[in-house]
Undergrad: 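There's a structure below that I have some questions on.
Below, chain A is the first sequence line, B the second, and so on; all start at residue 1. Since we're looking at a predicted model, the values are computed, not measured.
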Number of protein chains: 2
Amino acid sequence: MDGMKPEAEAGQIALKEERHQYILELLGSEGRVLAADLSTRYKVSEDTIRRDLRELASSGKIQRVHGGALPRRAEAVPFVSRQQIDMESKIGIARAAADMIRDGQVVLIDGGTTNLRIASYLSRERLATIVTNSPPLALALADHPRLSVLMLGGNFVKEERVTTGIETIRRVESIRADLCFLGMCSLHPEVGITVGDQEEAYVKQAMIGASTEVVGLISLGKMGTSLPYLVGPASRLTRLITDASDEDVLNPYRSQGIEVTST
Amino acid sequence: MDGMKPEAEAGQIALKEERHQYILELLGSEGRVLAADLSTRYKVSEDTIRRDLRELASSGKIQRVHGGALPRRAEAVPFVSRQQIDMESKIGIARAAADMIRDGQVVLIDGGTTNLRIASYLSRERLATIVTNSPPLALALADHPRLSVLMLGGNFVKEERVTTGIETIRRVESIRADLCFLGMCSLHPEVGITVGDQEEAYVKQAMIGASTEVVGLISLGKMGTSLPYLVGPASRLTRLITDASDEDVLNPYRSQGIEVTST
DNA sequence: ACGATTTATGCAGGATACTGCCAAACTTAG
DNA sequence: CTAAGTTTGGCAGTATCCTGCATAAATCGT
């Protein structure tokens, strides 16, 4: 009532969007931000900063940690231990994906740790044909009583645990699938679907072409990022299953005609 | 701007996640880390470092050891298989088989639990091409640094964890291998090599035909038995590796011109 | 212009997380 | 075996976080 702008003088950041922008820049240059530090810097309470950070984190722009935030790093862990990362979200996504499969369908399933989890949530009553280039997935389905599993051969890429190459592609091209679950390394509304390996990109392209419906499974952390090799535009997906819930993140996909399921 | 690596501000690391990231990087570049060293480096107590290491270890990202930690490359997928059967004998057989492989060779390896063990005993220096219809074997080789792995596609037989069918056979027929390790379900000097599945029998036939040398791996308990589907006469084998040592059991094979290695 | 609805912010509290210290148990090396 | 170094689990202090609520600013509809 008294002073219109309590402390916000020239040079001080008073608006939320401005702070967000600035936090991102700072994160880019310093590699880390602390909640307490930001609070004194912008002359706002720590609660406000925390809200800012929470918001930025929920739209996937930063990685929130106790005490502040870090830039979202590309995971430097090419091991099996990726399975542990984001467990919670992957479970939700995988379960939603498993529920999409109907009796009698032919389903293409790509590699990746999220896709691997689909196996756990497939109803044991389900009768379908699963086609995959992921040996771990085939193994995970070995205990399922009614599924028929077709393993796609090819060169085995150790890091990703999938097969690739012309052999894999040829075989995929001779299939007509109802459904395809594509493992997403990264997805960006404008850039599209991208991966870190050229061979894998070709395989994914073939899978997209072979299937009526193409479903992308992607956790929040990978949205809005991109990698060197392009698979295709995001619009090649007919559906997106994700744990992201921020409308600003999801709407760009909806406007491209992609059905979005948020778990 | 170049020197913005974490090292530059090692004394100021305040966030847990930051330390974690840094520890992983350090582990990647130095090959090991010491708790006491990390403590002075980050200016936190050793207790905190130990907690960090414990946490990283429990999520599978590092291997905790007394005094510090090591990278965790050698750890493979948590196989939940029942390979306990005949452990002792299978280890000896698998080790002898692994020793047969030479640099530059193309090696066909069939499914089966004994064959799977070959992966563990393959020298990490060995440079060769492994062709297999066993997804578990391909996975077991994923941590090997120098091998090239070709996965044979086909219908996945859940009980045996191998691929079969015309697709598998066609692909095998287009290969010229130096060596072939055949998993033996049962072997009889007169009846020959037999298995419990027709499709598998065809695949094994193709493998025998595609390889210069054919090695049968068989534990004592399976010798002298037979199953419904014939792969071919015992004489199709050029070598037999077994834990049987009874001359009466082995001589019938020797007299067919088969080299016999008893472990 | 006015009140009503929405949005942003700050504050209080209870809950949670992180850290350092300590004692007991354990490991490693002589 | 002992001795030194290491690890673990419990404890307490502090910092950080979240929830709900109240206030202030901004937006909106009439």
Undergrad: May I ask you to verify if any side-chain N or O of S45(A) is less than 4.0 angstrom from the OP1 or OP2 atom of dT9(C)?
TA: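 No, outside the criterion.
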Undergrad: If I take atom OH in residue Y42(A) and atom P in nucleotide dG10(C), what distance separates them, rounded to the nearest angstrom?
TA: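 Distance, rounded to whole Å: 14 Å.
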Undergrad: Over all heavy atoms of both residues, which pair between L147(B) and R126(B) is shortest? Give the atoms and the distance, please.
TA: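 Minimum heavy-atom separation between L147(B) and R126(B): CD2-O, 3.9 Å.
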Undergrad: Does the side chain of R54(A) get closer than 4.0 angstrom to OP1 or OP2 of dT19(D) through an N or O atom?
TA: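 R54(A) to dT19(D) OP1/OP2: side-chain N or O found under 4.0 Å.
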Undergrad: Would you say the base of dC18(C) and the side-chain of D47(B) have a donor-acceptor pair closer than 3.5 Å?
TA: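 Side chain to base: no pair below 3.5 Å.
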Undergrad: Return the minimal non-hydrogen interatomic distance between Q63(A) and E17(B), and the atom names on each side.
TA: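 Of all heavy-atom pairs spanning Q63(A) and E17(B), the closest is NE2-CG, 4.1 Å.
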Undergrad: Over how many whole Å does the gap from E18(B) atom CD to dT16(D) atom C1' extend?
TA: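 That distance rounds to 16 Å.
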Undergrad: Which heavy-atom pair separates L53(B) from A69(B) by the least distance, and what is that distance?
TA: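 Heavy atoms of L53(B) and A69(B) come nearest at CD2-CB, 4.1 Å.
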Undergrad: In whole angstrom, what separates R19(B)'s CZ from dC18(C)'s C1'?
TA: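 Rounded to whole Å, this separation is 8 Å.
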Undergrad: Starting at CG of L15(A) and ending at P of dT9(C), how long is that distance when rounded to a whole Å?
TA: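 It works out to 8 Å between those atoms.
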Undergrad: Whole angstroms only, please: what is the CD-P distance between E55(A) and dC17(D)?
TA: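 Answer to the nearest Å: 16 Å.
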Undergrad: OP1 or OP2 of dG9(D) versus the side-chain N and O atoms of R51(B): is any pair under 4.0 Å?
TA: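 Indeed not, no polar side-chain atom of R51(B) lies that close.
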Undergrad: State whether R51(B) and D47(B) are salt-bridged, where the test is any N-O pair (Lys NZ or Arg NE/NH1/NH2 against Asp/Glu carboxylate O) under 4.0 Å.
TA: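 Looking at R51(B) and D47(B), the cut-off is not met.
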Undergrad: Rounded to the nearest Å, what distance is computed from the CD1 atom of residue I49(A) to the P atom of nucleotide dT16(D)?
TA: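 So the two atoms are 13 Å apart, to the nearest Å.
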Undergrad: From the options dC17(D), dT7(D), dT9(C), select the nucleotide whose nearest atom is closest to the side chain of R64(A).
TA: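 Nucleotide nearest to R64(A)'s side chain: dC17(D).
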Undergrad: I need the CD-C1' distance between E46(A) and dC11(C), as an integer number of Å.
TA: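 Taking CD of E46(A) and C1' of dC11(C), I get 13 Å after rounding.
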Undergrad: Just checking A36(B): base, sugar-phosphate only, or nothing, at a heavy-atom cut-off of under 4.0 Å?
TA: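 It contacts nothing in the nucleic acid.
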Undergrad: If the cut-off is 4.0 Å, is R50(B) near the phosphate of dT19(C), judged by side-chain N/O to OP1 or OP2?
TA: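 It does not, given that no N or O in the side chain of R50(B) lies less than 4.0 Å from OP1 or OP2 of dT19(C).
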Undergrad: For the pair made of NZ in K16(B) and C1' in dC17(D), what is the distance, rounded to whole Å?
TA: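 Roughly 14 Å, once rounded to whole Å.
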Undergrad: Taking side chain to side chain contact (heavy atoms under 4.5 Å, CB included) as the criterion, tell me which of V214(A), L108(A), D110(A) meets it with I208(A).
TA: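 The passing option is V214(A).
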